[in-house]
Amino acid sequence: MFHIYCPHCCEYREEEEFHAAGQSHIARPLDPDACTDKEWGEFMYFRANPRGIHHELWVHAAGCRKYFNITRDTQTYEIKEVYKVGEKPTVVANAIQSK
Amino acid sequence: MSDVTVEAMEGKLVTNQLPTGAIVGESPLHHSDLASIAKKGPQQGGVHFHERKLKGLLTLRCAPSAEQLSLIESLLGVALPMEPLTSVTTDAVSVRWMSPDEWLIIVAGEKAFELETRFQEKLIGHYALVNISGGTTIFDVSGSHVVDMLKKSTPVDLHPSEFPVGKVVSTVFAKSGATICRLADDKFELVVRRSFADYLWLWIQDASREYGLVVKA
Ligand SMILES: [Zn+2]
């Protein structure tokens, strides 16, 4: 079982209390009426499926019911970082590769 | 719904959810007749169970400003616990931290409407106060083996170093959910959903069997 740190409850909890809610940082086109079908399609349907560092939205479903971001390595399942919605990740794919 | 009192105040509605007259309020464990079990059942055991029924439970949602904080403190008689997973318990009112902008307020059943009314009169700014009394009930579980019983039911670490008196968590509990608050070293409060109350009562009976279960009226 996984222990996941909730940045709102400020402690580690069992994975059972959480749900993954998909890729983070997907920006909605500011003016949906003015964007192209391709832009709208990318926003609606296309998601990254990286091998390695991935930024995901999770929700503390059984706990405080708040959403937050997790940076996770999809190869090892290792959680690199947890940060709140609106914050920027400090661990990103390029930084890992250059190490 | 002719028994329901509705008071309109500056466009806001507060409804008294308590039945009046001949209607008797029934807890979700009414059918279990816990009062009889408390009299006739075992008087010794490692887990004690008491349904603290028909309490007034209110959910407060608010990102409070300094002014709202002091108004809420004067309305409740206690300050909102702002630190994650903390709570305040007095004889008159209990306040549980639920999330960074949510608190659970527990008062006597007949006090909920009064408190709601005073909130609507006095509290300014953006907030929501919802009476959830009808959807919830409270189990008080205690005894020398209460932690052993809870360990079968929830993955939360209950060791006193991780879960001191006063700590409150919302978590999974026996495939359902519960808000658990430690009231004393060997006493916990479980706030559960009304629709899961019977199932959780059955679960607690089963999980307590090896320690002996005592029902308290
Ligand atoms: Zn949380």
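What you are looking at is a predicted structure, and each value in this text was computed from that prediction instead of being measured. Computed from heavy atoms alone, side chains included, the values below leave out hydrogens, waters and symmetry copies. First the proteins, then the strands, lettered A, B, ... as listed; each starts at 1.
- Few gaps surround CZ on A/R47; more than 12 heavy atoms of other groups in view lie less than 6.0 Å from it.
- In this structure, B/F196 places its CZ atom where only 12 or fewer heavy-atom neighbours from other residues, nucleotides or ligands lie under 6.0 Å away.
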Check the pair A/R13, B/V169 against side-chain contact (heavy atoms from CB on, under 4.5 Å), reporting the backbone distance first and the verdict last.
-> CA-CA 10 Å; A/R13 294 285 189 84; B/V169 301; 3.1 Å; yes
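- In the displayed structure, A/Y83 atom OH is contacted under 6.0 Å by more than 12 heavy atoms of other residues, nucleotides or ligands.
- Contact detail for A/E17 and B/S170: the closest heavy-atom pair is OE1-O, 4.1 Å.
- A/C9 and B/L85 get closest at one heavy-atom pair: O-CD1, 3.6 Å.
- More than 12 heavy atoms of other residues, nucleotides or ligands lie within 6.0 Å of NE2 in A/H3, so this atom counts as buried by the packing criterion.
- When the candidates B/D101, B/T179, B/V156 are compared by the number of heavy-atom contacts under 4.5 Å with chain A, B/D101 comes out ahead.
- For A/E16, the parts sitting under 4.5 Å from any heavy atom of chain B are the backbone and the side chain alike.
- Crowding of B/K151 atom NZ: a count of heavy atoms from other residues, nucleotides or ligands under 6.0 Å not exceeding 12.
- In plain terms, the two heavy atoms of A/C64 and B/S99 that are nearest each other are O-CB, 3.3 Å.
- In this structure, CD on B/E102 lies 13.0 Å from NE2 on A/H8, to the nearest 0.5 angstrom.
- No more than 12 heavy atoms of other residues, nucleotides or ligands shown are found within 6.0 angstrom of NE2 on A/H19.
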